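In what follows, a structure is listed as structure tokens, so that the remarks can point back to it.
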Amino acid sequence: MKILFAASECVPFVKTGGLADVVGALPKELLKAGEDIRVILPLYKAIAPEWREQMEHVLHFYVNLGWRRQYVGIEKLTYAGIPFYFVDNEQYFGRSYIYGAGGDEGERFAYFCRAVMETLQKIDFIPDVLHCHDWQTGLIPVLYKLQYKQLEAFKNIRTVYTIHNLQYQGLFPIHTIEDLLYLGDLAYTSDALEFFGMCSCMKGGLVFADEITTVSPTYSEEIQTAYYGERLDGLLRSRVDHLTGILNGIDTVEYDPEHDPALARNYTADSFVDKVGNKLALQRELGLTVDADAPMIAMITRLSGQKGLDLVECVLNEIMNTGCQLVVLGMGESRYVDLFSWAQWKYPNRVSANFQMNHNLAHKLYAAADLFLMPSLFEPCGLSQLISLRYGTLPITRETGGLRDTVLAYNQYTGDGNGFTFLYYNAHDMLHVIENAVRMYHEERDVFNGLAIRAMRGQYGWDQSAKQYVELYEKLTAGPEVVTLEARDPLFVEEAPAPTEEAPAPAEEASAPVEEAPKPEPKKRAPRKKAEPKADAPAKKPAPRKKADEPKV
Ligand code: GLC
């Protein structure tokens, strides 16, 4: 099966969060399963020269983006056996940041979505499944359903849209997106892209993709409720027959305490006693009191409200009163930077706050700590708790989303469990669990270590989840077409875009594309065929409705 992932970040090329880990790891498993999997990403300036040097220029062309005519360069790199395509455009991606800041985020990713759709035929890779991730690619299913599906070569593509975090939705003024993509007025009604007066790219994916997935079974249930649903819970409930939660895995080769080159001391479940060597080394490195028996709590996290840091703020002194050491690693909101800077000042030698993205330090910390604190307000999946489990560092988590699916509370009567958990978003519930874990560390070290060893033996890779994705793709490509909104109302469907021409063969001008671009030729819109859509376009007749696909709201 031909599968194309479209995403805004991917390790090892560019990463701001867990999305990149998933887009980097899952294709490797799909390749192992025998799929023809490829990935398409923006070519950000932040992508290191070591990667750029390995890229080959495939082709370039121009796309119409409203009145603009924009350069699209396609660079290709094969890594770990997987072809990666990079969309090159200096204006949109030649900046020092990945997201935000420029005020033209909607334009950058609307461009990316258009460029992806225009690239398929040109690289001769029309996928069976086009799998999009998060809001940055949410307009791809929209473009496909409203425009490209009419093209004969494209008609069998199926789309999958994965929510990694429902909170980030890509909301832009409707006129901004309309001016770029010419989707037609009906695309901005409340059953399509309109969302409280704005255009929601996330909603585009949710309405128009054939299948929606999210990254844990519990989160797939939670987002159908008002508390977690970010005002999209009703829509998600209406698509529940096409919504699946598939748990993320981690890259077990990269995160392997037995061979991890970053560690002072490698160890396995059988040589668990060696783990403490990492604590001593890190205490020295960070200027903490060197003490093998001081329970070390780690937090490796984006410093944002989602991560439950408000709870930590409420009871930070009480946490420190347990006698623990606390090591924080991550970047984000200034209020949390202030909080942990203050804690470091108040508890010198016991708190170390590191406001950076530091891969190497992260590895050392996973290995050094005894406990890993992750009290998230919500957590679609969470990868850090999986990594900490693999390193025998027991997680303390709130029972939400993927945390609930992966961390089982220690049960003192049965001995079951692989960590410590609490249910309600309450600082003192969390504190109580931390106190109990620290007490166990001191008073019942055998039981504590037994849990950590069991945690290390768990399976955290992608095998099972990759199988579930393959099953989903197979079901989707073998089954009848999923009836989404546009098929229920053919008036939605816009003109198929005029095919773009390939630019002349690449020469030196490829490096200075913008200057070389021909004069903009505004695309002329054909008048809408509202009156007689069927007579004009018999091929566009919607597939017969299946009972199972009736909306539920
Ligand atoms: C987002 C979510 C996180 C998830 C990751 C990968 O970063 O917040 O929970 O693990 O995406 O899917």
Side-chain angles (χ1 to χ4, degrees), residues 5-12 14-30 39 41 98-100 131-138 160-170 202 205 212-223 228-230 232 243-252 254-255 299-309 329-333 357 362 366 372-390 395 397-407 421 425 460-462 464-466 468-469 472:
F5 272 27
S8 57
E9 53 183 275
C10 172
V11 293
V14 57
K15 168 171 171 172
T16 72
L19 166 65
D21 292 306
V22 174
V23 178
L26 179 54
K28 291 188 193 162
E29 298 299 319
L30 296 174
V39 182
L41 304 160
I98 314 289
Y99 303 128
H131 189 157
C132 307
H133 298 264
D134 267 354
W135 76 260
Q136 293 86 353
T137 54
V160 176
Y161 180 69
T162 296
I163 307 165
H164 293 263
N165 193 332
L166 195 63
Q167 191 177 44
Y168 301 102
Q169 300 186 352
M202 169 68 77
I212 304 166
T213 72
T214 188
V215 288
S216 70
T218 294
Y219 193 58
S220 77
E221 300 285 332
E222 288 175 342
I223 55 179
Y228 293 98
E230 304 287 348
L232 288 165
L243 170 63
T244 324
I246 302 178
L247 205 59
N248 286 335
I250 54 168
D251 186 331
T252 49
E254 193 195 334
Y255 294 106
M299 296 187 80
I300 302 178
T301 179
R302 220 172 352 103
L303 300 179
S304 80
Q306 177 198 335
K307 299 296 178 179
L309 302 175
L329 172 61
M331 293 165 73
E333 292 171 30
M357 286 265 271
Y366 281 119
F372 190 89
L373 180 59
M374 199 168 172
S376 304
L377 174 61
F378 69 93
E379 197 59 72
C381 178
L383 300 171
S384 313
Q385 84 278 13
L386 299 175
I387 302 170
S388 74
L389 284 163
R390 183 148 163 85
T397 53
R398 190 170 94 80
E399 293 166 27
T400 183
L403 298 175
R404 177 165 173 261
D405 295 331
T406 54
V407 182
T421 73
Y425 194 70
Y460 309 109
W462 272 100
Q464 279 312 315
S465 307
Q468 290 182 48
Y469 278 107
L472 180 83

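These values consider heavy atoms only, across backbone and side chains, with no hydrogens, waters or symmetry-generated copies. Please read all numbers here as calculations on a predicted model, not as lab measurements. We count ligands from 1, going down the list as the structure has it; atoms in each ligand are counted the same way.
- Applying the 4.0 Å criterion to heavy atoms of Gln306 picks out, from ligand 1, the atoms 8 (O).
- In terms of protein heavy-atom proximity, atom 3 (C) of ligand 1 is closest to Glu379 OE2, 3.4 Å.
- Aromatic ring pairs are classed by plane angle as parallel below 30°, tilted from 30° to 60° and perpendicular above 60°; the pair Tyr366 and Phe372 is parallel.
- For the side-chain contact (heavy atoms from CB on, under 4.5 Å) test with Asp21, the passing option among Leu26, Ile387, Val11, Asn248 is Val11; the others fail.
- With sequence neighbours excluded, the residues that form a salt bridge (charged side-chain N to carboxylate O under 4.0 Å, His left out) with Asp251 are Lys28.
- Here the shortest heavy-atom pairing between Val160 and Leu472 reads CG1-CD2, 4.3 Å.
- Closest to atom 2 (C) of ligand 1, if we only count protein heavy atoms, is His164 O, 3.2 Å.
- Looking at Glu333 and Arg302, no side-chain N of the basic residue comes within less than 4.0 Å of a carboxylate O on the acidic one, giving no salt bridge.
- Residue contacts with ligand 1 for Val22 involve side-chain atoms from C-beta outward but no N, CA, C or O (heavy atoms, distance under 4.0 Å).
- Heavy-atom minimum distance, Glu29 versus Trp462: CG-CB, 3.2 Å.
- The closest heavy-atom contact to atom 10 (O) of ligand 1, among the options Gly18, Gly382, Ser216, Ala25, comes from Gly382.
- In summary, the atoms of ligand 1 found under 4.0 Å from a heavy atom of Asn248, numbered by their order in the structure, are 6 (C), 10 (O), 12 (O).
- Proximity to Asn165 (heavy-atom distance under 4.0 Å) selects the following atoms of ligand 1: 8 (O).
- Proximity to Val215 (heavy-atom distance under 4.0 Å) selects the following atoms of ligand 1: 12 (O).
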